[in-house]
Number of protein chains: 2
Amino acid sequence: MTTQSGPTSPPPRCSACSLSQFCLPVGIPQNELTRLDQLVAERIRLKKGDALYLYGDPLRAIFGVRFGSLKSYIDSEDGREQVVGLHIQGELLGLDAIADERHASTAVALEDSEVCVVRFAELEKLSAQVPSLQRQLHRLLSLEIRNDHRMLLSLGTMRAEQRLAVFLLNLSERLSMRGYAANEFVLRMSREEIGSYLGLTLETVSRLFSRLQQSGVLSIKQRRLKVTDPDALRHLAGESCQAPAISRPR
Amino acid sequence: MTTQSGPTSPPPRCSACSLSQFCLPVGIPQNELTRLDQLVAERIRLKKGDALYLYGDPLRAIFGVRFGSLKSYIDSEDGREQVVGLHIQGELLGLDAIADERHASTAVALEDSEVCVVRFAELEKLSAQVPSLQRQLHRLLSLEIRNDHRMLLSLGTMRAEQRLAVFLLNLSERLSMRGYAANEFVLRMSREEIGSYLGLTLETVSRLFSRLQQSGVLSIKQRRLKVTDPDALRHLAGESCQAPAISRPR
DNA sequence: CGTCGCTTTGAGACTCGTCAATTAGCGTGG
DNA sequence: CCACGCTAATTGACGAGTCTCAAAGCGACG
């Protein structure tokens with residue numbers, strides 16, 4: 001009930017995966033991909049609520065989301081939980097475990113999901129042999145750092161409404177890149193989980209949704225969200241939505 | 001005045017560096033270290049306030065702090081600044097640039113400093129040939145992710161006082177690992193920069209210092225800090241100060 | 001010795017957290 | 001198929017914690 005469930009699916013193949021443009025295979029020539037296929041020999045199915053790994057578990061593998069979604073979180077001593085990642089199709093998780101070969105967070109499925117198991121020791125070995133794989137692994141590690149910095153910017157400088165707007169737009173973009181509707185999707189996290197992710201309470205999140213619905217920016221029923229005025233949402237998120245200009249130090 | 005200054009120092013050598021236990025050379029056998037020496041052929045001296053790189057600059061190298069310290073930060077559209085890193089001796093910076101080969105933050109020296117220049121393309125190449133170097137690079141990337149997650153926990157769940165206590169203890173630990181006094185050091189960041197790092201205003205930071213001094217936890221004169229009651233500080237930071245226990249999902 | 005930047009301190013406003021009560025939705029079992 | 005119970009979500013009232021604005025103090029440096 002606590003840990004992962006489900007049997008292994010038929011052997012997956014990165015070379016044939018429709019998510020390869022988001023995941024590890026990016027930039028790897030077809031003939032090298034077969035070597036990655038051999039490495040990723042297993043998938044794990046998770047039911048909603050199942051844990052993929054727990055804080056402290058030894059690192060055996062990192063994981064790519066095949067379908068569904070997961071959250072990862074860490075706990076403070078006093079039992080509060082900080083969601084540090086929301087992982088959807090084609091995204092990797094478990095990267096924070098590489099440092100000392102133990103998972104530094106806990107990952108739980110937000111819905112029935114399936115992940116590909118990338119045994120890490122072998123991935124490292126292969127990435128030393130396949131430059132394009134090495135490149136992509138580094139890219140993904142760096143991207144994670146960058147995203148975390150963006151979250152720090154949210155939590156550090158933005159008011160509640162702006163944080164939520166930024167979060168929704170980011171999610172919207174990631175979903176639409178994967179072929180889903182940009183303005184109509186299902187939130188897989190509860191108000192409490194969203195709050196944890198954004199450094200807010202569940203009540204504040206709920207109130208914000210109500211208010212944004214009231215003002216016609218979006219409509220939300222349970223976790224079904226429709227963005228009715230994307231421009232307004234972008235405006236709330238901070239206008240330009242582009243990369244900030246070069247800054248002047250000092 | 002804006003960008004880096006100072007001439008190149010005599011050729012540095014990782015194999016002889018006293019900081020090698022914190023930096024890239026960790027775990028690399030002596031005979032391989034000479035190859036790293038060849039790669040790190042340059043150092044840059046920075047005066048307080050000098051920028052090492054700017055947001056958007058093409059990634060040429062990542063950097064190891066040889067002495068001194070730097071902050072890195074990103075800007076939001078409305079001109080606010082979020083400090084995302086404080087880098088002291090032996091720590092690497094620039095890792096967020098790997099994803100798209102452009103720096104995603106700006107790095108500025110907090111005091112007169114010197115950094116080693118690690119040309120990234122060559123580092124990648126070498127790390128494919130030296131497994132222990134690859135291992136350490138991955139460790140450092142992962143560690144950065146982990147630290148960012150800790151910061152998210154701070155900004156997301158802690159009150160101002162606790163954030164500051166956690167920050168001071170973390171800094172204290174990093175300094176003492178490098179042979180400096182654990183309970184007496186100089187803050188290289190202004191109240192404003194500390195506030196930015198912790199998601200607070202400079203006034204709040206200043207008030208916190210005053211209050212902690214009042215209550216005998218520390219004494220601070222300008223940026224000279226003395227922790228007079230480390231246990232009390234640890235208590236404020238959340239007791240155990242150990243890694244949290246394994247969490248129960250759901 | 002004066003200037004400038006950083007820091008301190010105060011007063012008041014406002015956002016958001018807390019506590020509490022109510023409602024809505026959903027699965028379960030009678 | 002409906003009643004029940006549970007969890008998630010909503011809404012309100014209130015207060016605490018920070019932010020904002022403002023003024024004054026302090027130090028460093030030329």
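Numbered from 1 within each chain, the chains take letters A, B, ... in sequence-line order. Computed from heavy atoms alone, side chains included, the values below leave out hydrogens, waters and symmetry copies.
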K.L.:
How close or far is atom C1' of C:dC6 from atom NZ of B:Lys48, stated in whole angstroms?
P.N.:
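To the nearest whole Å, that distance equals 10 Å.
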K.L.:
What integer distance in Å separates A:Glu192:CD from C:dT18:P?
P.N.:
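Going from CD in A:Glu192 over to P in C:dT18 covers 12 Å.
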K.L.:
What residue pairs, at least two apart or across chains, pass ring-ring contact (aromatic ring centres under 6.0 Å, His included) with a residue in residues 169-203 of chain B?
P.N.:
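Every ring-ring contact (aromatic ring centres under 6.0 Å, His included) pair that includes a residue of residues 169-203 of chain B, provided the two are not neighbours, is B:Phe167-B:Tyr197.
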K.L.:
Determine: side-chain N/O of A:Arg191 to OP1/OP2 of D:dA8, distance under 4.0 Å, yes or no.
P.N.:
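For D:dA8, neither OP1 nor OP2 has a side-chain N or O of A:Arg191 closer than 4.0 Å.
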K.L.:
Round to the nearest Å and state the distance from B:Met189 atom CE to C:dT7 atom C1'.
P.N.:
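After rounding, the gap between these two atoms is 16 Å.
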K.L.:
Within this structure, what is the CG-to-C1' distance between B:Leu187 and C:dT8, rounded to whole angstrom?
P.N.:
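It works out to 16 Å between those atoms.
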K.L.:
Calculate the interatomic distance between B:Gln214 atom CD and C:dT8 atom P; express it in whole Å.
P.N.:
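After rounding, the reported distance stands at 13 Å.
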K.L.:
Is there any salt bridge (Lys or Arg N to Asp or Glu O under 4.0 Å) pair reaching into residues 198-222 of chain B, and which pairs are they, with sequence neighbours excluded?
P.N.:
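Listed by first then second residue: B:Glu161-B:Arg211.
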K.L.:
Can I get a per-line list of side-chain donor-acceptor pairs under 3.5 Å for residues 148-160 of chain B, giving both atom names and the distance, sequence neighbours left out?
P.N.:
from     : atom 1 : to       : atom 2 : distance (Å)
B:Asp148 : OD2    : A:His149 : NE2    : 3.3
B:His149 : NE2    : A:Asp148 : OD2    : 3.3
B:Thr157 : OG1    : B:Leu153 : O      : 2.9

K.L.:
Return a single string for nucleotides 13-30 of chain D, one symbol per nucleotide in 5' to 3' order, where B is base contact, S is sugar-phosphate-only contact and - is none, cutoff 4.0 angstrom on heavy atoms.
P.N.:
B---SSSBB---------
K.L.:
For D:dA8, does OP1 or OP2 lie under 4.0 Å from any side-chain N or O of A:Arg223?
P.N.:
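Checking A:Arg223 against D:dA8: no side-chain N or O falls below 4.0 Å of OP1 or OP2.
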K.L.:
Going by heavy atoms in the side chains, are B:Leu93 and B:Tyr53 under 4.5 Å from each other?
P.N.:
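Yes, their side chains come closer than 4.5 Å.
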K.L.:
For B:Leu110 and C:dC6, give me the distance from atom CG to atom P, rounded to whole Å.
P.N.:
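B:Leu110 atom CG is separated from C:dC6 atom P by 13 Å.
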K.L.:
As a quick check of understanding, evaluate side-chain hydrogen bond (donor to acceptor under 3.5 Å, both in side chains) for A:Ser105 and A:Asp96, giving each step before the final call.
P.N.:
CA-CA 8 Å; A:Ser105 55; A:Asp96 54 359; 2.8 Å; yes
K.L.:
Apply side-chain hydrogen bond (donor to acceptor under 3.5 Å, both in side chains) to the pair A:His87 and A:Ser72, showing each step before the final yes or no.
P.N.:
CA-CA 8 Å; A:His87 315 273; A:Ser72 55; 2.9 Å; yes
K.L.:
Report yes if a side-chain nitrogen or oxygen of B:Ser206 is closer than 4.0 Å to either non-bridging phosphate oxygen (OP1 or OP2) of C:dT9; otherwise report no.
P.N.:
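Answer is no, no contact under 4.0 Å.
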K.L.:
Could you work out, with side chain to side chain contact (heavy atoms under 4.5 Å, CB included) as the rule, every residue matching A:Arg224, not counting sequence neighbours?
P.N.:
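A:Arg224 satisfies side chain to side chain contact (heavy atoms under 4.5 Å, CB included) with A:Val186 only.
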K.L.:
Going by an N to O cut-off under 4.0 Å, is there a salt bridge joining A:Arg146 and B:Glu144?
P.N.:
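Not counted as a salt bridge, because no side-chain N and carboxylate O are separated by less than 4.0 Å.
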K.L.:
What's the angle between the local helix axes at either end of the helix from C:dC1-D:dG30 to C:dG30-D:dC1, using five pairs per end and rounding to 10 degrees?
P.N.:
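Nearest ten degrees gives 40° for this helix.
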K.L.:
Using whole Å, what does the distance between atom P of nucleotide C:dT9 and atom CG of B:Leu212 come to?
P.N.:
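So the CG-P distance, B:Leu212 to C:dT9, works out to 13 Å.
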K.L.:
Is any side-chain N of the basic residue among A:Glu111 and A:Lys48 closer than 4.0 Å to the acidic one's carboxylate O?
P.N.:
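Salt bridge between A:Glu111 and A:Lys48, a charged N being under 4.0 Å from a carboxylate O: no.
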K.L.:
Whole angstroms only, please: what is the CG-P distance between A:Leu202 and D:dT11?
P.N.:
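Going from CG in A:Leu202 over to P in D:dT11 covers 13 Å.
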